Amino acid sequence: MQSRRCCVAAAVGVPAVGSVVDEFTKLCYQRDLPRAMRAMEVMERCGIWADAVTYSELIKCCLARRAVEDGKRVHRHVFSNGYEPKTFLINIFLSMYVKFGLLDEAMKLFDKMPERNVVSWTTMIAAFSNVGMSGDALEFFVLMLRSGVRPNMFTFSSVLRACESLRTLRQLHCGMIKPGLESDVFVRSALIDNYSKWGELQTALSIFNEMVTGDSVVWNSIIGSFAENNEGDEALSLFKRMKRAGFFANQGTLTSVLRACTSLSLLELGRQVHVHILKYDRDLILDNALLDMYCKCGSLEDAKGVFSRMAEKDVISWSTMVAGLAQNGFSREALELFDSMKGSGIKPNYITLLGVLFACSHAGLVDNGWYYFQSMSRLYGVEPGREHYGCMIDLLGRAGKLDEAAMLISEMKCEPDAVTWRMLLASCRVHKNVDLAAHAAKQILKLDPTDVGTYILLSNIYANSQRWDDAAKVRKAMQAEGVRKEPGCSWIEVEMQIHCFILGDKSHPRTEDIGVELQQLVQRLRGIGYNPDTNFVLQDLEGEQREDSLRYHSEKLAIVFGLMSLATSKTIRIRKNLRICGDCHIFAKLVSQLTQRTIVIRDPIRYHHFRDGICSCGDYW
DNA sequence: CTAGGGTTAG
C-alpha cells in the first residue's frame with residue numbers, strides 16, 4: 001500500500017514526498033537514528049510510509065542502541081492513520097519487543113495481529129522457551145498446529161528448548177520426521193542436547209551418526225553430551241573423530257574436552273589441552289573449565305596459577321577455586337580466598353556458599369560454619385537450601401554434636417532427602433551412635449530402598465556393637481530388595497593411558513607382579529607400624545578372607561602399580577568410585593612416608609594428598 | 001522477521 005502511494009506521489013510530480021521517503025530510507029541505512037526519527041515524523045504528517053525493509057533497518061538500529069522508546073514510536077507510526085502493515089512488518093515489531101524483554105508488549109501485539117504466520121508463532125514460542133515459560137511455549141505450539149500453520153525448523157529448535165519430559169521430546173521428534181526437518185543442523189543439535197539431558201545418550205548418538213553434512217556445533221553438542229554425562233572416554237573418542245573429519249575445535253569443543261579430562265582425572269591430557277589453548281583464544285568459560293580440571297585432578301599449584309592469571313573472573317571462577325581448595329583439604333586457604341572474593345565485587349551465590357560450608361565441615365570449623373550458615377541469607381541474599389543444611393549436618397555430626405545435627409534436620413525448611421540423612425548416618429558411624437544410626441538409615445531406605453551403602457553401613461554398625469540379629473535382618477532386607485554392592489574401583493593414568501583396578505578382578509596384565517609387589521610392600525610397611533584394620537571390611541567375609549579382601553582394595557593395587565610404573569619424581573594420582581576406607585588411608589600415609597612419594601587419591605567427595613606420612617585431610621573425612 | 005554448542009555443587 002505504501003509503495004503505491006509513493007509511486008503515485010512520484011508520478012504526479014510531487015518531488016517533496018518522494019524525496020522525504022528517500023531521505024528517510026538513506027538515514028535508516030546510515031543508522032542515523034535521531035534524524036531518521038525526525039524524518040519519520042514528517043512522513044507521518046504527510047500520511048506516507050516507507051517500505052517494510054526500511055523499517056526493519058530502523059528497528060535494527062533501535063535494538064543496537066537499546067532505544068526502547070524510539071522502537072515503540074516506530075511501532076505506533078506504522079499503525080497510524082489506518083495504515084495496515086503486513087505480517088512481515090508486524091513480526092519485526094514482535095521480535096523487537098521480545099529482544100527488549102517486553103514480553104507483555106509482544107503478547108498484546110500478537111493478540112491483535114490480523115493473521116499470524118510461522119514466524120509470528122515461532123517468535124513467541126522462542127520467547128517463552130528462553131525465559132523458562134515452557135508451558136506457554138508448548139501451548140502456543142499446539143495452538144499453532146490447530147490454526148493450521150505448519151512448523152518449520154526454526155519452530156522445532158525453539159520448542160525443543162521448552163520440552164520438559166522425555167515423552168514430549170519423543171512426540172516432538174516424531175512430528176519433525178515426516179516434514180524432514182530433523183536433518184537441519186540446528187534441529188539436530190537441539191535433539192542431541194535434549195536426549196542427552198534425559199540420559200538417552202545412545203539415541204543422541206544415533207541422531208548424530210545419521211548426520212550427512214554437519215557443522216562444528218553439532219560436533220560440540222555430541223561431545224558435550226558425553227562429557228556432561230561423565231562418559232569421558234566416549235567424549236574423547238568423538239573429539240578424535242571430529243578432528244579426523246576435518247572440523248576445527250573451538251572454545252566450546254575444548255571446554256567439553258576439558259570436562260571429559262576432569263571426569264576421568266586425565267591430568268596429562270588436560271595439560272596438553274592447556275598448552276593448546278594458550279596458543280589460541282582463551283575465554284572465561286574455557287578458563288573456568290581449565291581451573292576446575294586442575295582442581296579435580298588434584299593439582300592445586302596449576303589451579304592457582306590459572307586462577308591468578310585469569311584476565312577476568314566471574315562467580316564460577318571463584319566458586320570453583322574455593323571448592324577446589326576445600327575439597328583438596330586446604331580449608332583455611334579456601335576461607336581466606338572467600339574473604340578476598342568480597343573485595344572483588346563478585347557476589348557469592350548458592351554454590352559458592354556450599355564450597356565455604358564444605359571447607360568448614362572438612363576442617364571441623366564448627367563456629368565458622370555456624371557463622372556462615374546463619375549469615376548467608378542476610379549478607380549474600382542466599383537462603384540456605386538442602387545442600388547447605390547437608391554441609392551443616394555433616395559439620396556438626398563429624399564434630400560429635402550428633403544431637404545438634406539431628407535437631408537441625410528437624411528444623412529444615414525444605415524436606416530432608418536421602419543425602420541429608422546419609423550425612424547424619426556417616427557421623428553416627430564415626431561416633432558409634434547405634435540408635436541414631438538406625439533411625440537415619442531407616443529414613444534413607446524409606447526414600448531410597450536401593451541404597452546399597454546404607455544397608456552395608458547399618459549392618460556393620462550393628463555388627464560392631466555385637467547386635468548380630470539386627471545385622472542379619474538388614475542383610476535379609478537387602479537381599480529382598482535385590483541390591484548388590486558396587487565393587488570398589490580405582491583408576492590411575494600412566495603415559496596417557498587409564499588403568500583400572502577392580503576389587504577381586506585379576507584382568508590387568510600385570511596382576512601377578514602387582515600382587516607380589518604388594519605383599520613385599522605390606523611387609524615393609526609392617527616394619528614401620530602398619531597393621532591391617534579389618535574393621536573396614538564391608539562384606540560378608542570371615543576370618544583370613546577379611547584381611548585378604550582388604551589387601552586387594554583397588555586403591556592399594558593402583559598405588560602399587562603407580563609405584564611400579566611412574567618415575568620417582570611423579571605424583572601418584574588415583575581416582576576411585578567409592579570413598580576411601582580407613583585401612584587404605586593408613587596404608588597410603590605409610591607408603592608416602594616409606595617411599596617419599598606424593599600420592600593423591602580422589603574419591604567421589606574429596607581428595608587426599610599424602611606426603612611424608614601425613615594426609616591433607618588431617619585424618620578427618 | 002523466527003532457531004543450535006561450552007564452566008562451579010549434587
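Quantities reported herein were computed from a predicted structural model and do not represent experimental measurements.
In this structure, the nucleotide among B:dT2, B:dT7, B:dG4 sitting nearest to the side chain of A:Phe154 is B:dT2. With distances taken from any side-chain atom of A:Phe358 to the nucleotides B:dG10, B:dG4, B:dG6, the minimum falls on B:dG10. Among B:dG10, B:dC1, B:dT2, the nucleotide with an atom closest to any side-chain atom of A:Ile92 is B:dC1. The A:Thr255 side chain lies nearest to B:dG6 when the options are B:dG10, B:dG6, B:dA3. The listed nucleotides are B:dA9, B:dT7, B:dA3; the one nearest the side chain of A:Asn288 is B:dT7. The A:Leu354 side chain lies nearest to B:dA9 when the options are B:dA9, B:dT8, B:dT2. Comparing atom distances between the A:Val419 side chain and each of B:dT7, B:dG4, B:dG10 picks out B:dG10 as nearest. Comparing B:dC1, B:dT8, B:dA3 by their closest approach to the side chain of A:Thr320 singles out B:dT8.
Atom pair A:His362:NE2 and B:dA9:P shows a separation of 13 Å (rounding to whole Å applied). Spacing between atom CD of A:Glu312 and atom P of B:dT7 amounts to 17 Å, rounded to whole angstrom units. A straight line from CE of A:Met242 to P of B:dG6 spans 13 Å, rounded to a whole angstrom. Going from atom NE2 of A:His75 over to atom P of B:dC1 covers 18 Å, rounded to whole Å. Between the P atom of B:dA9 and the OH atom of A:Tyr372 lies a distance of 20 Å, rounded to the nearest Å. If you take CG of A:Asp283 and P of B:dT7, they are 12 Å apart, rounded to a whole angstrom. Atom-to-atom, CZ of A:Phe128 to P of B:dT2 comes out at 17 Å; the value is rounded to the nearest Å. A:His388 has its NE2 atom 12 Å from the C1' atom of B:dT8, to the nearest Å.
Here A:Val218 lies in heavy-atom contact (under 4.0 Å) with a base. Among the heavy atoms of the strands lying under 4.0 Å from A:Ile351 is at least one base atom, whether or not backbone atoms are also near. Among the protein residues, A:Ser256 comes within range of the sugar-phosphate backbone only, with heavy atoms under 4.0 Å from sugar or phosphate atoms but none that close to a base. Using a 4.0 Å heavy-atom cutoff across all strands shown, A:Asn117 reaches no nucleic acid atom at all. Contact annotation for A:Thr122: base contact, defined as any heavy-atom pair under 4.0 Å involving a base atom. At a threshold of 4.0 angstrom between heavy atoms, the contacts of A:Arg259 are confined to the sugar-phosphate backbone, with no base atom among them.
By the side-chain hydrogen bond (donor to acceptor under 3.5 Å, both in side chains) test, A:Arg31 is found to be paired with A:Glu57, residues two or more places apart in sequence or in another chain being considered. Applying the salt bridge (Lys or Arg N to Asp or Glu O under 4.0 Å) criterion to A:Glu387, with sequence neighbours excluded, gives no partner residue. With sequence neighbours excluded, no residue forms a salt bridge (Lys or Arg N to Asp or Glu O under 4.0 Å) with A:Arg241. With sequence neighbours left out, the salt bridge (Lys or Arg N to Asp or Glu O under 4.0 Å) criterion links A:Lys243 to no other residue. Every residue two or more places apart in sequence or in another chain was checked for a salt bridge (Lys or Arg N to Asp or Glu O under 4.0 Å) with A:Asp193, and none qualifies. For A:Gln272, the side-chain contact (heavy atoms from CB on, under 4.5 Å) partners two or more places apart in sequence, or in a different chain, are A:Leu269, A:Met496.
In this structure, the side chains of A:Tyr97 and A:Leu109 come closer than 4.5 Å at one or more pairs of heavy atoms. A heavy-atom distance below 4.5 Å is not found between the side chains of A:Ile601 and A:Tyr607.
By the 4.0 Å N-to-carboxylate-O rule, A:Lys576 lies too far from A:Asp603 to be salt-bridged with it.
Remark: A:Asp184, A:Val185, A:Phe186, A:Ser189, A:Asp193 in residues 175-197 of chain A come within less than 4.0 Å of DNA chain B through at least one heavy atom. Contact check of residues 290-302 of chain A against DNA chain B (heavy atom, cut-off under 4.0 Å) returns A:Asp292, A:Lys296.
Ring geometry for A:His75 versus A:Phe79: interplanar angle over 60°, hence perpendicular rather than tilted (30 to 60°).
A:Ser157 contributes a side-chain N or O that forms a donor-acceptor pair with the base of B:dA3 under 3.5 Å. Looking at A:Asp215, its side chain comes within 3.5 Å of the base of B:dG4 through a donor and an acceptor atom. With hydrogens and angles ignored, a donor-acceptor pair closer than 3.5 Å exists between the side chain of A:Ser319 and the base of B:dT8.
Phosphate contact (OP1/OP2 of B:dC1, side-chain N/O of A:Lys99, threshold under 4.0 Å): absent.
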Report, one line per pair, each donor and acceptor closer than 3.5 Å where one atom sits in a side chain of residues 181-191 of chain A; sequence neighbours left out.
unit_1   : atom_1 : unit_2   : atom_2 : d
A:Glu182 : OE1    : A:His173 : NE2    : 3.3
A:Ser183 : OG     : A:Gly180 : O      : 3.4
A:Asp184 : OD2    : A:Phe186 : N      : 3.1
A:Asp184 : OD2    : A:Val187 : N      : 3.1
A:Arg188 : NH1    : A:Ile207 : O      : 2.7
A:Ser189 : OG     : A:Val185 : O      : 3.3
A:Ser189 : OG     : A:Phe186 : O      : 3.1

